[in-house]
K.L.:
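The structure is given below, and queries will be raised subsequently.
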Amino acid sequence: MDATSVPAAGSTALLTDRYELTMLQAALRSGAANRRSVFEVFTRRLPAGRRYGVLAGTGRVLDAVENFRFTSAQLGWLADQRIVDEETLRFLADYRFTGDIHGYPEGEAYFPGSPLLTVEGSFAEAVILETVILSILNHDSAIAAAASRMTSAAGGRPVIEMGARRAHERAAVSAARAAYVAGFAATSDLEAGFTYGIPTTGTAAHAFTLVHDSERDAFRAQIDSMGRGTTLLVDTFDLGEAVRTAVEVAGPELGAVRIDSGDLTLLAHRVRRQLDELGATGTRIIVTSDLDEYAIAALAAAPVDGYGVGTSLVTGSGEPTCAMVYKLVARAAGPDGPLVPVAKRAAGGKTSIGGRKWAARRPDADGVAEAEVVGIGPVPDALEPHLVQVPLVKAGEVVGREPLEAARERHVRARAALPLSATQLSKGDPVLATELHV
């Protein structure tokens, strides 16, 4: 077997479920493995009360598909565990995805039934990508949806991602990336900054104050090290005394103070008044402390200049997955036959719609989106300019990779094009209905 030289740490080939490889083995035996097939990623519903979803992780999916190559060590393990037979191992040793992928571009909004990703290739090539694609899109899109609600509630004030200590170490990096797509200004996670070029920020925790003999000594040490533009944490002991000491040590050029506990609305007003009285009118107020979109919205009228969000962000603000699925929607009728729609029929809301689909976001006369149109067959001329899917992979070659900033800018446009009710935090139905066009 001529396995790839990709190191195990870089290979995504075992980020999968066992049944994908056992299906492959059986399909190789039956002759169905080479049938042209179309798989589709979609969700049947949004989390309860959410008005729109946000697609994130597309760039990571493209990397994962490129790196879906089995190493000699991985193949040896599959053989030792008797997970698949020799014929399947030979297939996996030479595996490269050579098909096509189309999908919603990263940062775009989506709704129930939106064909978020369309994967076309042989059954053998496409079926084994299911788990890695879903694991990325379900996680990243859940984070991005929560982040979008938070940045919308912030009303233009910067929001910083600081949830690394509340998540798996690798999930924290992906969460920071997804949050940045949905408008967060920076992250505290250095690996996310290194890997994705996201701006990083951070100064000091309560431990830094406590390790010094006095709060004044701690503030002086931080300012000597980081300059007067730094952010001082002022709620370790007495808030009012700390603010006074901070301005005495740094002068009115102090960059910011951070409040991490208590009634943030009340304290922000008190601190703003105190800073102004001390002449530090340009000193900003940053608040942290278990914030979510609702807490951020409640602070809209407070004199707050920025927010730091951790736990709620990295857990999707209570919705850590998007319930996306990866379903076969079409396959060739024979070795060289045309594609025919296929679909699961089941009770309990799990029925899917067969056929390769396109999607268009139909605007009203004012350019505001009024419907998510999902169709099978020819695209009406009037909807051609409003198609959402873009090419991502052609004949196995990635064609849709883009800078992270492009996804970030797209999300701003996509959210702005939705009806205003999309940003309401009160529970409600998806802001756009999904219409099926056949």
K.L.:
Show your working on salt bridge (charged side-chain N to carboxylate O under 4.0 Å, His left out) between R51 and D429 and close with a plain yes or no.
P.N.:
CA-CA 6 Å; R51 305 300 181 90; D429 295 329; over 6 Å; no

K.L.:
State, with a plain yes or no, whether a side-chain heavy atom of Q25 is found less than 4.5 Å away from one of L21.
P.N.:
no

K.L.:
Under the side-chain contact (heavy atoms from CB on, under 4.5 Å) test, which residues partner V329, sequence neighbours left out?
P.N.:
V38, E40, K357

K.L.:
Begin from the C-alpha positions of R36 and R331 and carry the test side chain to side chain contact (heavy atoms under 4.5 Å, CB included) through to its verdict.
P.N.:
CA-CA 6 Å; R36 183 175 165 217; R331 51 92 171 165; over 6 Å; no

K.L.:
Indicate yes or no: does E108 engage R361 in a salt bridge with an N to O separation below 4.0 Å.
P.N.:
yes

K.L.:
Should the ring pair F70 and Y95 be called parallel, tilted or perpendicular, given that the plane angle runs from 0 to 90° and is split at 30 and 60?
P.N.:
perpendicular

K.L.:
Indicate yes or no: at least one non-hydrogen side-chain atom of W358 is less than 4.5 angstrom from one of L383.
P.N.:
yes

K.L.:
Less than 4.5 Å apart, any side-chain heavy atom of M162 and any of T187?
P.N.:
no

K.L.:
Scan the side chains in residues 192-200 for donor-acceptor partners under 3.5 Å anywhere in the protein, sequence neighbours excluded, and list what turns up.
P.N.:
{"from": "T195", "atom 1": "OG1", "to": "E191", "atom 2": "O", "distance (Å)": "2.9"}
{"from": "T195", "atom 1": "OG1", "to": "E191", "atom 2": "OE2", "distance (Å)": "2.8"}

K.L.:
Side chains of L129 and Y326, heavy atoms from C-beta outward: is any pair under 4.5 Å?
P.N.:
yes

K.L.:
Any carboxylate oxygen within less than 4.0 angstrom of a Lys/Arg side-chain nitrogen, looking at R82 and D80?
P.N.:
no

K.L.:
Using the rule given for salt bridge (charged side-chain N to carboxylate O under 4.0 Å, His left out), can you reason through R356 versus E120, listing the C-alpha separation, both sets of side-chain angles and the distance that settles it, and then say yes or no?
P.N.:
CA-CA 9 Å; R356 184 214 301 271; E120 182 172 352; 2.5 Å; yes

K.L.:
Where do R410 and E402 land on the salt bridge (charged side-chain N to carboxylate O under 4.0 Å, His left out) test, with the steps shown first?
P.N.:
CA-CA 11 Å; R410 180 180 297 109; E402 62 182 5; 2.8 Å; yes

K.L.:
Once side-chain contact (heavy atoms from CB on, under 4.5 Å) is applied, do any residues pair with V325, and if so which ones, sequence neighbours excluded?
P.N.:
F42, R44, K327

K.L.:
Please examine the side chains of V304 and I296, heavy atoms only from C-beta on, and report whether any two atoms are closer than 4.5 Å.
P.N.:
no

K.L.:
Show me the donor-acceptor pairs, under 3.5 Å and distance only, between side chains in residues 53-65 and residues at least two apart or in other chains.
P.N.:
{"from": "R60", "atom 1": "NE", "to": "D140", "atom 2": "OD2", "distance (Å)": "2.9"}
{"from": "R60", "atom 1": "NH1", "to": "S174", "atom 2": "OG", "distance (Å)": "3.4"}
{"from": "R60", "atom 1": "NH2", "to": "D140", "atom 2": "OD1", "distance (Å)": "3.0"}
{"from": "R60", "atom 1": "NH2", "to": "D140", "atom 2": "OD2", "distance (Å)": "3.4"}
{"from": "R60", "atom 1": "NH2", "to": "S174", "atom 2": "OG", "distance (Å)": "3.4"}
{"from": "D63", "atom 1": "OD1", "to": "R401", "atom 2": "NE", "distance (Å)": "3.4"}
{"from": "D63", "atom 1": "OD1", "to": "R401", "atom 2": "NH2", "distance (Å)": "2.9"}

K.L.:
Which atoms form the tightest heavy-atom contact between L291 and G308, and what is the distance?
P.N.:
CD1-O, 3.6 Å

K.L.:
Under the side-chain contact (heavy atoms from CB on, under 4.5 Å) rule, collect the residues that match up with T131, sequence neighbours excluded.
P.N.:
T16, D17, E20

K.L.:
Given F184 and V309, is the side chain to side chain contact (heavy atoms under 4.5 Å, CB included) satisfied, shown in steps?
P.N.:
CA-CA 10 Å; F184 271 54; V309 185; 4.2 Å; yes

K.L.:
Within 45 degrees of the axis of the six-membered ring of Y180 and under 6.0 Å from its centre: does R408 put its NZ or CZ there?
P.N.:
yes

K.L.:
So how far is it from L92 CG to R69 CZ, rounded to the nearest 0.5 Å?
P.N.:
14.0 Å

K.L.:
Just so I know, are the side chains of T203 and Q222 near enough to count as touching, which here means a heavy-atom distance under 4.5 Å?
P.N.:
yes

K.L.:
Are S261 and D235 linked by a side-chain donor-acceptor pair shorter than 3.5 Å?
P.N.:
yes

K.L.:
Under a plain distance cut-off of 3.5 Å, with no hydrogens placed, do R157 and Y307 share a side-chain donor-acceptor pair?
P.N.:
yes

K.L.:
Is there a side chain to side chain contact (heavy atoms under 4.5 Å, CB included) between V41 and L137? Walk through the geometry before answering.
P.N.:
CA-CA 9 Å; V41 175; L137 294 184; 4.1 Å; yes

K.L.:
What side-chain hydrogen bond (donor to acceptor under 3.5 Å, both in side chains) pairs are there with at least one residue in residues 144-156, not counting sequence neighbours?
P.N.:
Y52-S148, S148-H411, S148-R415, R149-E293, R149-Y294, T151-R415

K.L.:
Using a distance-only test with no angle check, is there a side-chain donor-acceptor pair under 3.5 angstrom linking T118 and H102?
P.N.:
no

K.L.:
Would you check, one step at a time, whether the test side chain to side chain contact (heavy atoms under 4.5 Å, CB included) holds for F123 with L24?
P.N.:
CA-CA 8 Å; F123 179 81; L24 169 63; over 6 Å; no

K.L.:
Report yes or no: do T288 and D260 form a side-chain donor-acceptor pair below 3.5 Å?
P.N.:
yes

K.L.:
Between the side chains of T434 and E372, does any donor sit under 3.5 Å from an acceptor?
P.N.:
no

K.L.:
Which heavy atom in G10 sits nearest to a heavy atom in N67, and how many Å separate them?
P.N.:
O-CB, 3.3 Å

K.L.:
Output the distance between atom CD1 (I101) and atom CZ (F39), rounded to the nearest 0.5 Å.
P.N.:
12.0 Å

K.L.:
When rounded to the nearest 0.5 angstrom, what distance separates CE in M324 from CD1 in I133?
P.N.:
12.0 Å

K.L.:
To the nearest 0.5 Å, how far apart are CD1 in I128 and OG1 in T22?
P.N.:
11.5 Å

K.L.:
Counting only N and O atoms by type, is there a donor-acceptor contact under 3.5 Å from the side chain of T12 to the main-chain atoms of F68?
P.N.:
yes

K.L.:
Looking at Q74 and T71, what are the two nearest heavy atoms and their distance?
P.N.:
OE1-N, 2.9 Å

K.L.:
Crowded around E384 CD? As in, over 12 foreign heavy atoms under 6.0 Å?
P.N.:
yes

K.L.:
Within the 4.5 Å heavy-atom criterion, are R35 and S122 side-chain neighbours or not?
P.N.:
no

K.L.:
Measure the shortest side-chain to side-chain distance between V431 and L420 over non-hydrogen atoms and say whether it is less than 4.5 angstrom.
P.N.:
no

